[in-house]
Participant: 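Just dropping this structure here.
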Amino acid sequence: MKVFEKFKIWGLLICLISQLGYGYYLPGSYPHKYVVGDQLSVKVNSLTSIDTEIPYSYYSLPFCKPEEGVKDSAENLGELLVGDRIENSPYKFKMQKNESEIFVCQTKPLSSEEFKLLTTRIDDMYQVNVILDNLPAIRYTKRDNFLVRWTGYPLGIKVDDTYYVFNHLKFKVLVHKYEETNVASVMGTGDAAEVIPSVDKPGSDIPGFMVVGFEVQPCSFQHNLESLKDLKMYGKYPSKISCEPNTVTMGLKENAPVAFSYEVEFVESDIKWPSRWDAYLKMDGAKVHWFSILNSLMVITFLAGIVLVIFLRTVRRDLTHYEELDKEAQAQMNEELSGWKLVVSDVFRAPDYPALLCVMVGDGVQILGMAVVTILFAALGFMSPASRGTLLTGMLFFYMILGILAGYVAVRMWRTIFTGDHKGWMSVCWKVSCFFPGIAFLILFVLNFLLWGSHSTGAIPFLLFVVLILLWFCVSVPLTLVGGYFGAKAPHIEYPVRTNQIPREIPAQKYPSWLLVLGAGTLPFGTLFIELFFIMSSIWMGRVYYVFGFLFIVLILLVVVCAEVSLVLTYMHLCVEDYKWWWKSFFASGSVALYIFLYSINYLVFDLKSLSGPVSATLYLGYSLFMVLAIMLATGTVGFLSSFWFVHYLFSSVKLD
């Protein structure tokens, strides 16, 4: 029986690991039951473009507005930060009621400013993003006998110097018969704001449907202006509207109005509720992700072999040989020491700018902890794309909470460097809580000015800026001070050897040490550059990234590689009697950020070559700089802490006078 229980536990563990590789999906909202005839309301999100990366409000263009007026949907912190502005729209359906030739409205004659704005947006390839029951609309196009999937639809198209607008939308809503659950009165999220009906709830026996898919096909159709004179909103256009995707007829002209219409078709589908996001989350190239992981494992194995040689063959051999000698022989050997043993009295000498090092290590621990916890939660499915902005909101939450850890590590390292002296720990805490967030706010503030000038929805509203500053000083800073207080009370790490008052002269080196430090970053970069391409494509090309299981594995491998690289380089520096290893161990692994920034420039030049305008390029480089700074602090901290442990272990294993 015990053997059977063990098999069950191992089976569950294997299932969990296999699911973690793909980042399985826990639904972000509960099923919303729609009875036949219930109203379905389409919502609109910001207009987006991969050519400019600057989002704009849907109603910044002369589109039809709903009768009840434009209303914003409740948005969380993450949605506002990424520029999502979800609003209601005039497109309304009735469940299981197919409709065609539905007139929406006719705009006023386009002014010269409106005409110029529309044509500019079409030139910049802006996409319209519509949402139904929390599902973004999907558009399918054929290319070389393949079906290509897009999210949203283009605003219009330019053909032979004439601009055409897509003013007729053909919607297809995929529905599945509602399946009663045994869960009673559970509050939904997203657009499903009602509760799940329980078994005993009146009306639960009425057949209903769930929305499991939403597709759109845009068309350009020239309406007869005479036929529109007596039509009101949601009236039926008198003649048939032919929606041909390869034919455009509604040309834009100054001082001419534009009419909008739509049709909707409901189709019963075999897709079940938990699988309705599969069409969005399906990411080809799983073999590429596994190749990336195998590539990383090869690098780790290679470095692990070097570390093993250092520990077993070199260090352990020297220590064993030293311990076998008698006291007289040991004293004689101490006079003939070479390599790392010569710097025994200087290896723990306080580094240059010790406060800055402690601050950067504290911030690095905070960023690394945030990344690990957030990606783990996302891999387990708790931050699904159905709940927009949850990922970014979660990152901010975990970052603030982990201020305790940042303060603790920074202050304890400060006390260790100064052999237990706790003076100045409060100053270190303040610097930790202001260093990285301060730089982040500075970058965001400069970029925000550019977005404000462009009237983009990507600009962070002033009130949100105030909220972020309040979170910073009312939550993050106090938690960092609390962590620093515990770090000041905790015992400092005792050095195994004493430090001389007079520093030892470092012999001239054959090669500059900074060259080795910069070169060390190539190995960590090699472990993540394949996954980095998918992440960059998700951020800048509008593609959905949801293989957080792969990302979590790559993150763990990156931490291991950074630790090994820094450890090997620290040993190499000690062997040539260079005891200034503190900053070198930090930047040995932190230099991967330099290669990521160079890769970002390469991605801008070759993959985002259609990016137009200096504002867009500045935004891209600004956000890349912010990302690179965070990566440098996280990876540098891993390298420094592993090297500190290695040096402490190395010199505590043998006693040298």
Participant: When the aromatic ring centroids of Phe377 and Phe398 are compared, is their separation below 6.0 Å?
Facilitator: yes
Participant: Under the side-chain contact (heavy atoms from CB on, under 4.5 Å) criterion, do Tyr178 and Met210 qualify, and how do the steps go?
Facilitator: CA-CA 6 Å; Tyr178 184 81; Met210 302 174 291; 3.4 Å; yes
Participant: Hey, are the side chains of Leu155 and Leu118 touching, using non-hydrogen atoms and a 4.5 Å cut-off?
Facilitator: yes
Participant: So how far is it from Asp133 CG to Tyr34 OH, rounded to the nearest 0.5 Å?
Facilitator: 3.5 Å
Participant: Mind checking the SG-OH spacing from Cys243 to Tyr262? Nearest 0.5 Å is all I need.
Facilitator: 14.5 Å
Participant: Please report the interatomic distance CG(Leu532) to CG(Leu551), rounded to the nearest 0.5 Å.
Facilitator: 10.0 Å
Participant: Do Val44 and Ile131 have side chains that get closer than 4.5 Å, going by heavy atoms?
Facilitator: no
Participant: Which one of Lys172, His168, Lys170 satisfies the side-chain hydrogen bond (donor to acceptor under 3.5 Å, both in side chains) criterion with Glu263?
Facilitator: His168
Participant: Check whether any side-chain heavy atom of Leu135 sits under 4.5 Å from a side-chain heavy atom of Trp277, and report yes or no.
Facilitator: yes
Participant: For the pair Tyr623 and Trp540, name the ring-plane relationship: parallel under 30°, tilted 30 to 60°, perpendicular over 60°.
Facilitator: tilted
Participant: For Asn129 and Thr48, test the side chains for any donor-to-acceptor distance below 3.5 angstrom and give the result as yes or no.
Facilitator: yes
Participant: Which is it for Val373 and Met370 under the side-chain contact (heavy atoms from CB on, under 4.5 Å) test, yes or no, and what are the steps along the way?
Facilitator: CA-CA 5 Å; Val373 175; Met370 174 205 68; over 6 Å; no
Participant: Rounded to the nearest 0.5 Å, how far does CD1 of Ile556 lie from OG1 of Thr527?
Facilitator: 12.0 Å
Participant: Can you measure from CE (Met395) to CD1 (Ile367) and round to the nearest 0.5 angstrom?
Facilitator: 9.5 Å
Participant: Determine whether the aromatic ring centres of Tyr126 and Tyr56 lie less than 6.0 Å apart.
Facilitator: yes
Participant: side-chain contact (heavy atoms from CB on, under 4.5 Å) between Gln96 and Glu268: does it pass, once the steps are laid out?
Facilitator: CA-CA 9 Å; Gln96 285 292 53; Glu268 288 199 34; 3.6 Å; yes
Participant: Please lay out, stage by stage, how Ile535 and Ile539 fare under the test side-chain contact (heavy atoms from CB on, under 4.5 Å).
Facilitator: CA-CA 6 Å; Ile535 295 170; Ile539 296 172; 3.9 Å; yes
Participant: Using the six-membered ring wherever Trp is involved, compare the ring planes of Tyr91 and Phe171 and label them parallel, tilted or perpendicular (cut-offs 30° and 60°).
Facilitator: perpendicular
